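Quick notes on the structure that follows.
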Amino acid sequence: MVHLSQKIIIEGIKRQDEEVLKHVYKHYFPMVRYFILRNHGSEEDAQDVFQEAVVAVFQRVRRRRLELDCSFKTYFYSVVRHIWLQYLERHKVRYEFSDLDEYIIMEEPDIYDDLKDKKAIYQRHFLDLTELCRKVLLMFMDKVPFEEIATTLGYKGRQYAIKRKYECMKSLINRVSADPEYKKLNQ
Amino acid sequence: MKTKYLDLFEKFSNGEMTSEEVSSFEQQLKDDADMAAAYQEYGQILEALDDKETLNLMAKLREIREEETKKGGRHRFLNTGNNWVWLAALLTIVVSFTIIVSMLIYNYTTNRKNTMLTAAAMEEKARASLNAELMKYGMRTHGMTLEEPSDSSSFIVKGDILFKWTVDSTYNLLMDVLDDEGKIVFKSHRPIESPFVFRKKLKEGIYIFRFRDDKETFNVTALYLI
């Protein structure tokens, strides 16, 4: 099993290097899974929390340089733990938390707030849209004129591209509104 | 989040409002807190979509997850909590099924053998009954010649059957018809004389026509009636 240094992992996450991301999944997902299943979560929760944790680390290192005085594994475990604790608190789950013995906990890994939670929900549902919807919205965000969006995606014209963008946005909002996590955050 | 203001938000963000419409829209946002909150969230969604780096990372992580799930499916199955129990249960079901099927096959074979033996036994019994019936009367070896149906005519007969015979004395001949199990299906009750037409309809099969008096059998003829 290849061992990557803490620096390579952090830099790799920052660059979104696929090999490093695969390494992180292979090496740390089993730990996340074990921790979540032990603490009232499901396999699906473990997958979601793992993704949120990697995104949180990415956003942290993107903002400013991350220098750890512990192993990356310990840091990552603290991030996962923090995300999962927030989830359990939001869902008012009465729990007896069971930590994995071999980790020292960093109580405040400095990564999260409410708005970021919603942002993750918007982004997650955006990725669930159809490929065409994703393209329309991303092109709009890139300030591509509607005429060009229509030509690129083979639509009849500008008005149709506008209509498609509206429908995609509506679909995204409906998906987000139906998300149980989103409802919890709005309570 | 509500979509009731989406038309307005979209028109505004697409830059399709006239300057009057923009002024009116901005005034509405000031006056309507509900609409203002919805617009704020609409802006947050656009902001989230604008973070392409994070979207890209999330997409990559999804791909890795799917790829690893596919690759590791079998491995994880055996290492996952209760899956050994499920596997053991599945094996038990398969073994039980095999045993049950084997037993059914064995039973079927045995039953088939028994059926064949039974059929043979029944055939044997039928033959014995027929012999017993035929042996009821002593066989007379001479004195009657059956002319019709003659030996040269067909063994298979359809419809009415004409019997002609000669007999050397004035015996009162009776006719019995036996099936292949020795059961009497027809009895003339009264003496018959040549020529005699047998008109009774019988189901298809082999029948024995016996000519006798009250002591001896004069003639026995087997015919296949159709």
Side-chain angles (χ1 to χ4, degrees), chain A residues 13-18 21-26 29-30 33 37 43 47-48 50-59 62 115-116 118-128 134 137-138 140-143 145-146 158-159 161-163 165-167 169-174 176-177 182 186, chain B residues 1-17 21 33-83 86:
Chain A
I13 291 176
K14 191 178 176 183
R15 285 197 324 273
Q16 303 192 1
D17 183 293
E18 238 172 87
L21 292 175
K22 278 182 188 170
H23 175 89
V24 171
Y25 186 92
K26 277 182 193 161
F29 178 68
R33 187 174 168 277
L37 293 181
E43 182 77 33
Q47 294 282 5
D48 290 346
F50 174 81
Q51 178 170 307
E52 277 188 46
V54 176
V55 171
V57 173
F58 166 74
Q59 286 173 344
R62 187 170 63 167
L115 181 61
K116 286 200 184 71
K118 280 192 181 177
K119 184 178 173 182
I121 295 171
Y122 302 145
Q123 290 172 328
R124 200 166 62 232
H125 287 290
F126 169 76
L127 291 176
D128 287 336
R134 292 201 305 270
L137 293 175
L138 287 181
F140 173 78
M141 296 311 297
D142 284 340
K143 298 184 173 49
F146 280 112
R158 182 177 188 277
Q159 278 312 311
I162 290 172
K163 192 181 164 208
K165 186 213 156 199
Y166 171 84
E167 284 165 355
M169 202 65 190
K170 192 174 178 181
S171 166
L172 176 60
I173 291 170
N174 286 337
V176 168
S177 302
Y182 176 81
N186 276 346
Chain B
M1 189 189 169
K2 293 160 188 165
T3 52
K4 68 175 178 181
Y5 305 109
L6 190 60
D7 278 337
L8 274 178
F9 297 165
E10 282 285 285
K11 204 171 175 189
F12 180 73
S13 73
N14 293 346
E16 291 187 300
M17 283 184 172
E21 283 174 326
D34 187 46
M35 182 176 159
Y39 185 65
Q40 195 187 358
E41 193 159 5
Y42 178 81
Q44 286 167 3
I45 293 178
L46 293 185
E47 206 177 291
L49 303 192
D50 209 21
D51 183 1
K52 291 189 196 67
E53 280 185 324
T54 303
L55 286 173
N56 192 39
L57 174 64
M58 288 171 85
K60 277 186 182 174
L61 288 170
R62 279 191 180 198
E63 273 173 31
I64 292 170
R65 170 182 168 172
E66 278 164 22
E67 197 180 301
E68 291 299 321
T69 309
K70 268 183 210 163
K71 266 201 285 188
R74 192 171 146 263
H75 179 67
R76 250 195 307 283
F77 177 81
L78 295 175
N79 285 326
T80 302
N82 287 335
N83 284 346
W86 286 110

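Keep in mind that the numbers below use all heavy atoms, side chains included, and drop hydrogens, waters and symmetry copies. Here is the naming used below: chain letters follow the sequence lines, and residue numbers restart at 1 for every chain. Quick caveat: nothing in here was measured; it's all calculated off a predicted structure.
- In terms of heavy atoms, A/E18 sits closest to B/I64 at O-CD1, 4.1 Å.
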Going through the distances and angles, do A/F140 and B/N14 end up as a side chain to side chain contact (heavy atoms under 4.5 Å, CB included)? CA-CA 9 Å; A/F140 173 78; B/N14 293 346; 3.4 Å; yes
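- For a residue to count as touching a neighbouring chain, one of its non-hydrogen atoms must lie under 4.5 Å from one of that chain's; by this rule A/L127 touches chain B with backbone and side chain alike.
- Counting heavy atoms from C-beta on, the side chains of B/D7 and A/Y166 come closer than 4.5 Å.
- Heavy atoms closer than 4.5 Å to chain A are found nowhere in B/K11, neither backbone nor side chain.
- Between chain A and the residues B/N56, B/L55, B/D50, the largest count of heavy-atom pairs under 4.5 Å involves B/L55.
- Tested against B/E53 for a side-chain hydrogen bond (donor to acceptor under 3.5 Å, both in side chains), the candidates A/Q16, A/Q59, A/K14, A/R62 yield a single pass: A/R62.
- Judged by distance alone, the side chain of A/Q123 and the main-chain N or O of B/A48 form a donor-acceptor pair under 3.5 Å.
- Distance check, rounded to the nearest 0.5 Å: CD1 of A/I13 to CG of B/L61 gives 9.0 Å.
- The structure places OH of A/Y182 at 3.0 Å from CD of B/E41, a figure rounded to the nearest 0.5 Å.
- Between the NZ atom in B/K52 and the CE atom in A/M141 there is a gap of 6.0 Å [rounded to 0.5 Å].
- Considering only heavy atoms from C-beta on, B/S13 stays 4.5 Å or farther from A/M169 through its side chain.
- If you measure heavy-atom distances from A/V54 to chain B, the contacts under 4.5 Å come from both the backbone and the side chain.
- For the residue pair A/R124 and B/R62, the shortest heavy atom distance occurs at O-NH2, 3.2 Å.
- Chosen from A/L137, A/L37, A/I162, the residue pairing most often with chain B at heavy-atom distances under 4.5 Å is A/I162.
- For B/R65 and A/D48, the salt-bridge test passes: some basic side-chain N is under 4.0 Å from an acidic carboxylate O.
- One finds the CG atom of B/L57 at 7.5 Å from the CD atom of A/Q51 (value rounded to the nearest 0.5 Å).
- Crowding of A/K163 atom NZ: a count of heavy atoms from other residues, nucleotides or ligands under 6.0 Å not exceeding 12.
- The pair B/E47-A/K119 does not meet the salt-bridge criterion, since no charged nitrogen lies less than 4.0 angstrom from a carboxylate oxygen.
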Using side chain to side chain contact (heavy atoms under 4.5 Å, CB included), reason through B/M58 and A/F58 one step at a time and then give a plain yes or no. CA-CA 10 Å; B/M58 288 171 85; A/F58 166 74; over 6 Å; no
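- The contact between A/L138 and chain B is made by backbone and side chain atoms together, counting heavy-atom distances below 4.5 Å.
- With rounding to the nearest 0.5 Å, the separation of CG in B/L6 from CD1 in A/I173 is 4.5 Å.
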